[in-house]
Amino acid sequence: MISKTYNPKEIEDKWYQYWTDNKYFSSKPNPDKEPYCIVIPPPNVTGVLHMGHMLNNTIQDVLTRKARMEGKEACWVPGTDHASIATEAKVVAMLKEKGINKKELSREEFIKYCWEWTEKYGGIILNQLRKLGASCDWDRTRFTMEPNLYDAVIEVFVDLYNKEKIYRGYRMVNWDPQAKTTVSDEEVIMKDIQQKLVYIRYDGDEGSVTIATVRPETIMADAAICVNPADERYQHLIGKKVRIPLINREISIIADEYVTMDFGTGCLKVTPAHDQNDYALGEKHGLTIIDILADDGTLNEKAQILVGEDRFVARKKIIKMLEESGNLVKAEDYKSTVGTSERTGAVIEPKLSLQWFLKMKEISEPALQNVMNDTIQLIPPKFKNTYNYWMENVRDWCISRQLWWGHRIPAYYLPDGTCIVAINKQEALKIARNKYQLFALSEQDLTQDEDVLDTWFSSWLWPMSVFDAFKNPDNEDIKYYYPTNDLVTAPEILFFWVARMIIAGYEYQGKYPFKNVYLTGIVRDKQGRKMSKSLGNSPDPLELIEKYGADSVRTGMLFSSPAGNDLLYDEKLIEQGRNFNNKIWNAFRLIEGWEVSATENQSQSSAKAIEWFKSKLNKVVAETLEHYSKFRMSDALMSTYNLIWDDFCSQYLEMIKPAYVDGNSLPIDKYTFDATLEIFDTLMRLAHPWMPFLTEEIWQNIKTRGANESICIAEFPKVGHVNEEILSDFEILSEIISTVRNTRNAKQISPKEALPLAIKTSNKARYEGLAGLISKLANISGIQYVQDKTEGVSFVIKGDEFTLDLGGNIDIETEKANLQKDLDYTLGFKKSVESKLANERFVQNAKPDIIEKERQKLADAEAKIKALEEALAKLG
RNA sequence: GGGAGUUUAGCUCAGCUGGUUCAGAGCAUCUGCCUUACAAGCAGAGGGCCGGGGGUUCGAAUCCCUCAACUCCCACCA
């Protein structure tokens, strides 16, 4: 006896093992098959699965499994990303706990720790994906820091350098004082914060000025005071000098139109070292750059005062000091935006430093065009706008990071500072010798750049590097799988990653890396808040899988998540998923429990039911494929959900269910039984991409399967013949049944009590075909075809009149009122259709098929009115 | 400050190029049922002037204008 409720725990590990043992997810180039390929957005190697991963990877798995069942050579490439900043931060923290300071370690020692850490935690997230049922080709698992991928990054750097796309320069960059590295513009998150706008008076011999600033701790780095040349208030001071309070250094007052007259006091303190605009202003006016901040965000000796204090502490203290010195004019509340690091949350410090950049404008041209012309499709397309904006205003990409964990920049410096870029030291030395004729030079004389590359500078090669496109350019894999088909990822990394992969794809393969980009939404909680650790509103995906089963979580997450829309997560969704799983499980239990008779003849009703369901199934398969083709995942799932729950369980199974006599089920005829199993088989294949475990378990039990058979590689249902006539007949059937059931409900008559039904129709044949089913599903004791209305409750469907004999249990007035209500509505309806048809402009302008539809409506309404009127007349 | 998007039942969303069997789905709610697959269930029901206003049209949730609210992206007014 199978369990009454579906128990996923018992089967999930078993089937996953079976699938991997049989290598169903392995893929090799196969010229006879069409490739279907997805590369996973590589999660952080030391990360753990969160709800966003669940959503995103479930979608990838659904797409991959469906493609595989459709006979394509499906290949889903898994892997992880080394995540420089995040991993390095974790390792530093771990070392700190052990009492080790990163600074005390050599680069090699530190990297060794990183590798240890990676090996310890690196497998976790991939194993979690297995729990979810992800059908990745695990033999192809890649890591952005593994040797081949490492080399690819270095090669690309050298290549771009040689093409003069990469340069080194001083720039104002975003400095993260916590991670002590630069971060790219995209990694800076602007946040609104409440600050104090401090007004400070600078005195001079010829007058004084008051400036407003939110960063009083930087006054020691001031290079000038700037006013608008048109500002009459300050005309007399331009060119004069004032002294910086507290340190009494003299600075000039300069004029520039950049300054807004009506903001603050109209006087701007210019601090070229600590502000983007001030830097530009400083360059223009030839000002001195005084950098008073150390790498960790404390004030350095150039500040002269408050040396060693953290910038925020210094800010508070200096206000106090200014107050005491009498230079503080006032301080008011002010809200402004400040950049914070995406990785550490620290407030970003604009900092002037020497960094490596990639010129973006030219290289990104094809990536812009081919998204705009839909060669690459963004789903949903609304993201094209933001993509376009970003790409058109793209700025050079700062690719160096002051970290150790990552791909070390292959730039080597000669003792005189000359920079040579080459794939390794030996090559660099060769260049030094050949190009500069420095034959005496040895490897020891070359110093490699200390910095590593931005993590995205490795992941932008991902769709190519996972197939070794750089190491081995003409290999079978890259030729077969590239370009890949779909990419499923979060909109947040559209520019970080997606756009850059497209750029790299065109640069190195001359072709887009993927055809479609499906952008998922953000998983939020019920109240619409982002899932976050600090809020504690993010459930642990593995606990959910443990509690409900992977299939429940998968379906639950996809019930309501259109592309690009955020998913408001509620555990109820997962429950709904579980209920669906259980429903299927029980349908199987029912069928499984039937006794089969080889001698019993098939009833006409069962034959009809099978015919109907097959048409219905084909219709839904067509719909589902349509949804898939448009990446409407929720809709595709819902089609299957409704087909199985409503059409199959609630209707079909009730139609063919063997009767009970004296508490015992009669056997079911073999033909119907076999047909039902076949249908069930198809349904499981249709549902498999959503619920791989449950469907495999059932599919394996429907009949005896061979040793290497699996639903994973069974055929996805194809669209077959749809008999529209039978579908419409069954719609009438279901209307009859629900009306009868309704009537019982209203009259409080038990469903167990069989009632006689009279039908007055001109199409007796139609109902004779349905009679058995009507009787069975509406519990009708006998059907009688009549010429005149008989005693009982009547209703009209498609111009035919049905009367349910309730044995006198009727209230004439109520019946009359009900019929009258229906009649009134239909008359009104008829009138509106008539007036429409009478409208010449309508008849002239509307399309013929629309008019034909209207005529049909009119005819139907007239038939209905006739029947209703007759029924009413009978009641007196 | 600039740009884009959204606004349809209590919630989450479908409704393509305008045609009143298009006002839908799932969930939630309500009513009645432990009917021998499933109470994680069965059978039913209610619920929306499609954000407001104006316009185009024979006809608008669907096109245009305008207002309002919300969201996102971009942006250095100290």
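Computed from a predicted structure; not experimentally measured. These values consider heavy atoms only, across backbone and side chains, with no hydrogens, waters or symmetry-generated copies. Chain letters run A, B, ... following the sequence lines, proteins first, then strands; residues in each count from 1.
- For Y389(A), the side-chain atoms get nearest to C74(B) when compared with the rest of C74(B), G19(B), A37(B).
- Distances shown here put a side-chain N or O of N579(A) below 4.0 Å from the OP1 or OP2 atom of G41(B).
- Nucleotide A4(B) forms a Watson-Crick or G-U wobble pair with U71(B), both donor-acceptor distances falling under 3.5 Å.
- Contact annotation: side chain of E654(A) to base of A37(B), donor-acceptor pair present below 3.5 Å.
- Contact record, M531(A) with V523(A): CG-O, 3.2 Å, taken as the closest heavy-atom pair.
- Between the side chain of N228(A) and the backbone N or O of M261(A), no donor-acceptor pair lies under 3.5 Å.
- Nucleic acid contact for F559(A): none, since no nucleic acid atom lies under 4.0 Å from a heavy atom of the residue.
- The nucleotide G32(B) finds its pairing partner in C42(B), both defining distances of the Watson-Crick or G-U wobble pair being shorter than 3.5 Å.
- Checked against side-chain contact (heavy atoms from CB on, under 4.5 Å), K583(A) has the following partners two or more places apart in sequence or in another chain: W645(A), C649(A).
- Among the protein residues, F588(A) comes within range of no part of the nucleic acid, since none of its heavy atoms lies under 4.0 Å from any strand.
- Nucleic acid contact for Y258(A): base, since at least one base atom lies under 4.0 Å from a heavy atom of the residue.
- The side chain of W645(A) places an N or O atom within less than 4.0 Å of a non-bridging phosphate oxygen (OP1 or OP2) of C42(B).
- No hydrogens or angles were tested; on distance alone, nothing pairs the side chain of Y387(A) with the base of C73(B) as donor and acceptor under 3.5 Å.
- A salt bridge links E332(A) with K330(A): the distance from a Lys NZ or Arg NE/NH1/NH2 to an Asp or Glu carboxylate oxygen falls below 4.0 Å.
- Residues K547(A) and E575(A) are not paired through a salt bridge, judged by the lack of any N-O separation under 4.0 Å between the basic side chain and the carboxylate.
- In this entry U56(B) has no Watson-Crick or G-U wobble partner, no candidate having both defining distances under 3.5 Å.
- Aromatic ring centroids of Y387(A) and F383(A) lie 6.0 Å or more apart.
- Among the protein residues, N565(A) comes within range of the sugar-phosphate backbone only, with heavy atoms under 4.0 Å from sugar or phosphate atoms but none that close to a base.
- Distances were taken from every side-chain heavy atom of R632(A) (C-beta onward) to each of C74(B), U20(B), G15(B); the shortest belongs to G15(B).
- Taking side-chain N and O atoms only, Y569(A) has no distance below 4.0 Å to OP1 or OP2 of U12(B).
- Looking at heavy-atom distances under 4.0 Å, S738(A) makes contact with sugar-phosphate atoms alone, never a base.
- The side chain of N742(A) places an N or O atom within less than 4.0 Å of a non-bridging phosphate oxygen (OP1 or OP2) of A45(B).
- Within 3.5 Å, a donor on the side chain of K583(A) pairs with an acceptor on the base of C38(B), or the reverse.
- Between the C1' atom of G26(B) and the NE2 atom of H627(A) lies a distance of 13 Å, rounded to the nearest Å.
- As a whole-Å value, the separation of F631(A) CZ from A14(B) C1' is 19 Å.
- Rounded to whole Å, atom P of A37(B) lies 16 Å from atom CH2 of W585(A).
- When heavy atoms are screened at a 4.0 angstrom cut-off, R395(A) is found touching the sugar-phosphate backbone but no base atom.
- The separation between I656(A) atom CD1 and A37(B) atom P is 13 Å, rounded to whole Å.
- Of the candidate nucleotides G44(B), A37(B), A4(B), G44(B) has the atom nearest to the side chain of N745(A).
- At whole-Å resolution of the value, CG in N779(A) and P in G44(B) are 14 Å apart.
- When rounded to the nearest whole Å, the span between CD of Q576(A) and C1' of A40(B) equals 11 Å.
- Of the side-chain N and O atoms in K4(A), one or more sit less than 4.0 angstrom from OP1 or OP2 of A39(B).
- Among the protein residues, T213(A) comes within range of the sugar-phosphate backbone only, with heavy atoms under 4.0 Å from sugar or phosphate atoms but none that close to a base.
- Nearest to the side chain of N385(A), among A40(B), A43(B), G5(B), sits G5(B).
- When each of U35(B), C38(B), A43(B) is scored by its nearest atom to the side-chain atoms of R741(A), the top-ranked nucleotide is A43(B).
- Looking at heavy-atom distances under 4.0 Å, R578(A) makes contact with a base.
- With T271(A) contributing its side chain and A273(A) its backbone, the two residues share no donor-acceptor pair below 3.5 Å.
- Using a 4.0 Å heavy-atom criterion, one finds that N277(A) contacts the bases of the nucleic acid, with or without backbone contacts as well.
- Checked by distance alone, T386(A) brings no side-chain donor or acceptor within 3.5 Å of a matching partner on the base of C73(B).
- The nucleotide A14(B) finds no pairing partner, because no Watson-Crick or G-U wobble arrangement with both distances shorter than 3.5 Å includes it.
- Nucleic acid contact for R744(A): none, since no nucleic acid atom lies under 4.0 Å from a heavy atom of the residue.
- For the pair R841(A) and C58(B), the criterion of a side-chain N or O lying under 4.0 Å from OP1 or OP2 is met.
- Classification of the W690(A)-Y628(A) ring pair by plane angle, with boundaries at 30° and 60°, yields parallel.
- Nearest to the side chain of S650(A), among C42(B), G44(B), U20(B), sits C42(B).
- Atom CG of L590(A) and atom P of C38(B) are 9 Å apart (whole Å).
- Among the atoms of the strands shown, none is found under 4.0 Å from any heavy atom of S750(A).
- Straight-line distance from the CG atom of L494(A) to the C1' atom of C74(B): 14 Å, rounded to whole Å.
- The aromatic rings of Y641(A) and F559(A) sit perpendicular to each other, their planes meeting at more than 60°, with 30° as the lower class boundary.
- Among the atoms of the strands shown, none is found under 4.0 Å from any heavy atom of V270(A).
- Phosphate proximity of A37(B) to Y660(A): present, with a side-chain N or O under 4.0 Å from OP1 or OP2.
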